Amino acid sequence: MTDTSLSAPGLSRRGVLKIGLLGGAFLATAGVTATLSGCSASVPANGYKVLRDSDMPFLRALIPVMLAGAVPAERMADAVKGTLESLDFSLNRLSPEMLKLTVQLFDVLALPITRGPLTGIWGSWDNASAADVKHFLERWQNSSISLLKMGHSSLLQLVLMAWYGRPESWGHCGYPGPPKV
């Protein structure tokens, strides 16, 4: 007779609960710290409706890495500016709960106490190289922690939807644009 029993998973229920509680406590502490330090101030940056000054260094480091290969180097500055505008436009139309989660993700990435351990970027995002940002993205994409994988997926979707929703991105992928009516 063939043994059809399943092997025991690497983590027990107790282990999963411990990880969940520690992760929840860590994120709650980060959120409270961000709120108390003013990092999560809800005041938008000048010219934006949702994006804050604290979000800009991270996004300005992230967007060029995500758009590498799709945008020529000489047009990258304009592409980053346009992507930020589109991202702000999209975030302004999110449901309040989804916006809250996105702002929490941005806060975790902006706050030094959480940024270093979670991303490997110990200094300011302004000083992070493209290789550092790429390593952070790969780290989250391949993480065994599902929350980090979800964060990676969210960042990828937010930035790429903001870029590929812009007419200047369509030529690169061969899209002629919407039909003229």
Side-chain angles (χ1 to χ4, degrees), residues 39-40 42-112 114-116 118-181:
C39 178
S40 65
S42 60
V43 178
N46 190 23
Y48 293 95
K49 296 186 188 239
V50 175
L51 292 176
R52 304 156 304 167
D53 286 324
S54 62
D55 303 330
M56 294 304 175
F58 162 67
L59 291 169
R60 287 190 178 117
L62 177 73
I63 292 170
V65 171
M66 288 192 165
L67 298 185
V71 178
E74 63 274 3
R75 291 187 32 224
M76 188 59 78
D78 290 336
V80 169
K81 183 179 182 298
T83 302
L84 285 170
E85 291 168 358
S86 294
L87 178 60
D88 187 64
F89 179 85
S90 298
L91 290 174
N92 194 35
R93 281 143 182 83
L94 280 179
S95 70
E97 196 57 37
M98 289 304 296
L99 180 59
K100 180 181 172 186
L101 291 172
T102 304
V103 167
Q104 285 176 347
L105 174 62
F106 288 178
D107 284 344
V108 165
L109 292 167
L111 191 64
T114 53
R115 180 185 58 239
L118 290 176
T119 66
I121 310 283
W122 293 94
S124 168
W125 283 107
D126 292 326
N127 300 327
S129 68
D132 293 336
V133 175
K134 189 173 183 177
H135 178 71
F136 144 66
L137 289 169
E138 290 170 356
R139 180 177 174 174
W140 276 30
Q141 181 181 19
N142 300 317
S143 177
S144 60
I145 302 170
S146 63
L147 195 58
L148 297 183
K149 284 184 178 183
M150 289 178 6
H152 173 269
S153 178
S154 296
L155 291 172
L156 192 69
Q157 289 176 21
L158 285 168
V159 170
L160 293 182
M161 284 176 27
W163 168 245
Y164 284 107
R166 300 188 60 80
E168 62 264 30
S169 72
W170 299 344
H172 172 74
C173 56
Y175 177 59
K180 304 281 188 245
V181 185

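Keep in mind it's a predicted model, so treat the numbers as computed, not measured.
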Query - Nearest atoms (heavy-atom pairs only) where Leu155 meets Trp140 - result: CD1-CZ3, 4.4 Å
**Report entry** Contact summary for Ser54 and Ala110, nearest pair of heavy atoms
**Finding:** O-CB, 3.7 Å
Are any non-hydrogen side-chain atoms of [X] and [Y] less than 4.5 angstrom apart?
X      : Y      : result
Leu109 : Leu62  : no
Tyr48  : Asn92  : no
Asp132 : His135 : no
Met76  : Val80  : yes
Leu148 : Arg139 : no
Phe58  : Thr119 : no
His152 : Leu156 : yes
Thr114 : Asp107 : no

Distance from [X] atom [atom1] to [Y] atom [atom2], nearest 0.5 Å?
X      : Y      : atom1 : atom2 : answer
Leu87  : Thr102 : CG    : OG1   : 8.5 Å
Leu94  : Leu101 : CG    : CG    : 9.5 Å
Leu91  : Leu84  : CG    : CG    : 10.5 Å
Ser144 : Lys149 : OG    : NZ    : 7.5 Å
Lys49  : Arg93  : NZ    : CZ    : 7.0 Å

Give every donor-acceptor pair under 3.5 Å between a side-chain atom in residues 159-170 and any protein atom, sequence neighbours left out.
residue, atom, partner, partner atom, Å
Arg166, NE, Glu168, OE2, 2.7
Arg166, NH1, Gly82, O, 3.1
Arg166, NH1, Ser86, OG, 2.8
Arg166, NH2, Glu168, OE2, 3.2
Ser169, OG, Trp163, O, 3.1
Ser169, OG, Arg166, O, 2.7
Trp170, NE1, Tyr164, O, 3.1
Trp170, NE1, Arg166, O, 3.2

Query raised in the report: Okay, side chain of Asp53, backbone of Ala45: is any donor-acceptor separation there less than 3.5 Å?
Result: no
**Report entry** Side-chain donor/acceptor of Arg52 to backbone N/O of Val43, under 3.5 Å
**Finding:** no
Kindly list each side-chain donor-acceptor pair under 3.5 angstrom involving residues 171-181, sequence neighbours excluded, with atom names and distances?
none

Requested in this report: Name all residues meeting the side-chain contact (heavy atoms from CB on, under 4.5 Å) criterion together with Met150; count only those two or more places apart in sequence or in a different chain, and write none if there are none.
Outcome: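 Applying side-chain contact (heavy atoms from CB on, under 4.5 Å) to Met150 gives Leu147.
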Query raised in the report: Any salt bridge between Asp78 and Lys81, counting N to O under 4.0 Å?
Result: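 Here Asp78 does not pair with Lys81 in a salt bridge, since their nearest N and O are not under 4.0 Å apart.
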**Report entry** side chain to side chain contact (heavy atoms under 4.5 Å, CB included) assessment of Trp125 paired with Leu59
**Finding:** CA-CA 9 Å; Trp125 283 107; Leu59 291 169; over 6 Å; no
